Amino acid sequence: MRVSKMFMATQREVPADAEIPSHQLMLRAGMMKKVASGIYSFMPIGLRSYKKVENIIREEMDKAGAQELIMPAILPSEVYQASGRWDKFGPEMFRLLDRGGRQFCLGPTHEEPFTETVRDSIRSYKQLPVTLYQIQHKYRDEKRPRFGIMRCREFVMKDAYSFDADEAGLDISYQTMYKAYCSIFDRLGLDYIVVDADSGAMGGSGSQEFMVKNSVGEDGICYCDSCGYAANEEKATCQVLPSSREEAKDMTKVHTPNVKTIEELMAFMNSAPSSFAKTILYNIDGKIVGVMVRGDREINETKLANLYDATEMTLASFEDVERVTGAKVGFAGPCNLKEKIEIVIDNEVSSMNNFIVGACETDYHLMNVNIGRDFTPTHIEDVRTAVEGDACPKCGKPLSICRGVEVGHIFKLGTKYSKALNCNYLDRDGKENPMIMGCYGIGVGRTLAAVIEQNCDENGIKWPVAVAPYKAIVVPMKTNDDTIMGLANEIYETLLNDGVEVIIDDRNERPGVKFKDADLIGIPVRINVGRRAGEGIVEVNYRQSGEMVELDTLSAIEAVKNLK
RNA sequence: CGGGGUGUGGCUCAGGUGGUAGAGUGCUUGCUUCGGGAGCAAGAGGCCGCGAGUUCGAGUCUCGCCACUCCGACCA
């Protein structure tokens, strides 16, 4: 391709509404264009990289024995009704009516149609296992699209579904996908980390996320450098360190006027946060529950929701808090409650004694409270979020915390969908059983954005060769010099004939403009043809390393071909 | 869904107290340039987000709506 003919527009200025490097660079490099919030067009240069990611995924999935097919993006409501998700998805699902008034949606995820398809085609254990996948657009009316293609409303996802006769089979299918995912992200040159993830409302026996460390990531990752433990913050646990136990003292009520927050309480009492336990009231499926964690800790709502198998959980309303505690918000505690409610205490709180809590009386706290003597918890569980420095649950060394972008998620689904949709098979004994399912997703666009996040500098993108829109660019310094143009064209044609993805910047622009554009769109290797063209000498510049060497024409061509 | 912000050439933005729109960049043309986004000159390009209202007159004031965006909540 000749750059003079390319449909490409780079931008010098940073678009006003792009916050993170990958978003800014994708817009500046002219890879994509926003059409509406969270909805983007891909331009030729962007599409080339996009397809590279897709193809790497496709190759590794095929290698792992998964078979590609494609489902409609638009699906009738019945498909999601049997599983109950037509209602559960709520406003996040794009819904539409056909001319006859029948309800459809744009598929947000495809467990149901895959399950139906397999149900209708497979009857025997002899036909199992099978893993199917598609690379298809998904639609979710996100409350808040952001960060360009990191989180958008129309996005491409590779989603795969495995169907096995038993749990042992699922384990094998799952491991196969795990390995395929590692190969994919390795080939993309991503620095990633695999973390244990919360299974959430999906149930199932296990789930892991492939995370790319990044400060704008929407997930917190807890990991241990010593033993390799890694988990999503939602799921991460830690050891409870034994605290020094004092002899139980008499409980006393303290007047604490207008002291509501832990910070105010610390200042007022002149004590460490570890001597307080805060009590937060939640409304869990209509039931008010008190949850206690150490004063300086955060309640982990995912863990709490799992404990109660909650479908709807919010902080209790002010009215509920005042009714249950008999005090203004800020003075809740486990003692003297006006209504009998369940109390969940965090593991860490269970090791504390003589601590301070709200008195359930406006402007009062209780000192020297002790579990068992002063109140009895309903549950003692891990309900707090692990923080930097907590003891690793496996080895006890300090945990680290960072942010991450979820690029892949593998999931043991079990029988949730096969049971709901009667996706059964006949076993050796002629007995009918539900298939055991797994599902495996990779966000294609998000992965592409993650590659950019990890491969860029102030001048633009630094594509790994595997994802670069073109591998090489030939830059003639002057377009009106026959020697230079002749040699540049010769190199270009040779590379083209040798199957190298190469472009030639034949625009009548100053060299600086061409360099800036080549750097911005991130072509891995640039061949400058200039001053020494007459001697057959050119420059080979590497975008990743910034390295530059002068070589004769043939060596330069070899260098480009050898670049991996 | 709560709270904030912004809508003006393709892009980034300026336009006290109302008088029919500007800059930079990009684009076109010419000349001079030519190794890291050149210089000069001449051009093209705007329903000032939409709709009402006030006014002789609204980019500007009032009200309503919409879109985009940031923070939070939420997120198979």
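Each chain gets a letter, A, B and so on, in the order the sequences are listed, and its residues count up from 1. All values below were derived from every heavy atom in this structure, side-chain atoms included, with hydrogens, water molecules and symmetry-related copies excluded. This structure is a prediction, so every number in the text was calculated from the model and none was measured.
Residues that satisfy the salt bridge (charged side-chain N to carboxylate O under 4.0 Å, His left out) test with A:D196, not counting sequence neighbours, are absent from this structure. With sequence neighbours left out, the side-chain contact (heavy atoms from CB on, under 4.5 Å) criterion links A:P44 to A:F7. For the side chain to side chain donor-acceptor pair (under 3.5 Å) test, no residue two or more places apart in sequence or in another chain qualifies with A:K514. For A:Q544, the side chain to side chain donor-acceptor pair (under 3.5 Å) criterion is met by A:N455, not counting sequence neighbours. Residues satisfying the salt bridge (charged side-chain N to carboxylate O under 4.0 Å, His left out) test with A:K471, not counting sequence neighbours, are none. For the salt bridge (charged side-chain N to carboxylate O under 4.0 Å, His left out) test, no residue two or more places apart in sequence or in another chain qualifies with A:E92. With sequence neighbours excluded, the residues satisfying side chain to side chain donor-acceptor pair (under 3.5 Å) with A:E539 are A:N528.
Pairs of Watson-Crick or G-U wobble type, with distances under 3.5 Å, assemble into runs of 3 or more in RNA chain B at these ranges: B:1-7 with B:66-72, B:10-13 with B:22-25, B:27-32 with B:38-43, B:49-53 with B:61-65.
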Could you list, one pair per line, each protein nitrogen or oxygen that sits under 3.5 Å from a nitrogen or oxygen of nucleotides 21-23 of chain B, together with the distance?
none

Under 3.5 Å, which N/O atoms of the protein pair with N/O atoms of nucleotides 26-33 of chain B?
unit_1 : atom_1 : unit_2 : atom_2 : d
B:rG26 : OP1    : A:R12  : NH2    : 2.7
B:rU33 : O2     : A:R510 : NH1    : 2.7

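Here the side chain of A:R144 is nearest to one of B:rC75, B:rG35, B:rC70, namely B:rC70. Of the candidates B:rG35, B:rG37, B:rG72, the closest approach to any side-chain atom of A:R531 belongs to B:rG35. Among the nucleotides B:rC74, B:rC34, B:rG37, the one closest to the side chain of A:P511 is B:rC34. Among the nucleotides B:rG37, B:rC74, B:rG35, the one closest to any side-chain atom of A:R146 is B:rC74. Closest to the side chain of A:D519, from the set B:rG35, B:rG36, B:rC70, is B:rG36. Across B:rU69, B:rA73, B:rG37, the shortest atom-to-atom separation from the side chain of A:K143 is found for B:rA73.
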Base-contact (B) and sugar-phosphate-only (S) positions in nucleotides 2-13 of chain B, heavy-atom cut-off under 4.0 Å, - elsewhere:
---------BSS
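A residue-by-residue look at A:K514 and A:E301 shows that A:K514 has its nearest nucleotide of RNA chain B further toward the 5' end. Sequence order on RNA chain B of the closest nucleotides to A:G38 and A:E234 puts A:G38 first from the 5' end.
Note on ring orientation: taking the six-membered ring where Trp is involved, the planes of A:Y192 and A:F210 are tilted (angle from 30° to 60°).
Rounded to a whole angstrom, the distance from the P atom of B:rG15 to that of B:rU8 is 14 Å.
Applying the 3.5 Å distance criterion, the base of B:rG36 shares a donor-acceptor pair with the side chain of A:R526.
Among residue pairs with one or both ends in residues 21-39 of chain A, those qualifying as salt bridge (Lys or Arg N to Asp or Glu O under 4.0 Å) are A:D17-A:K34; sequence neighbours excluded.
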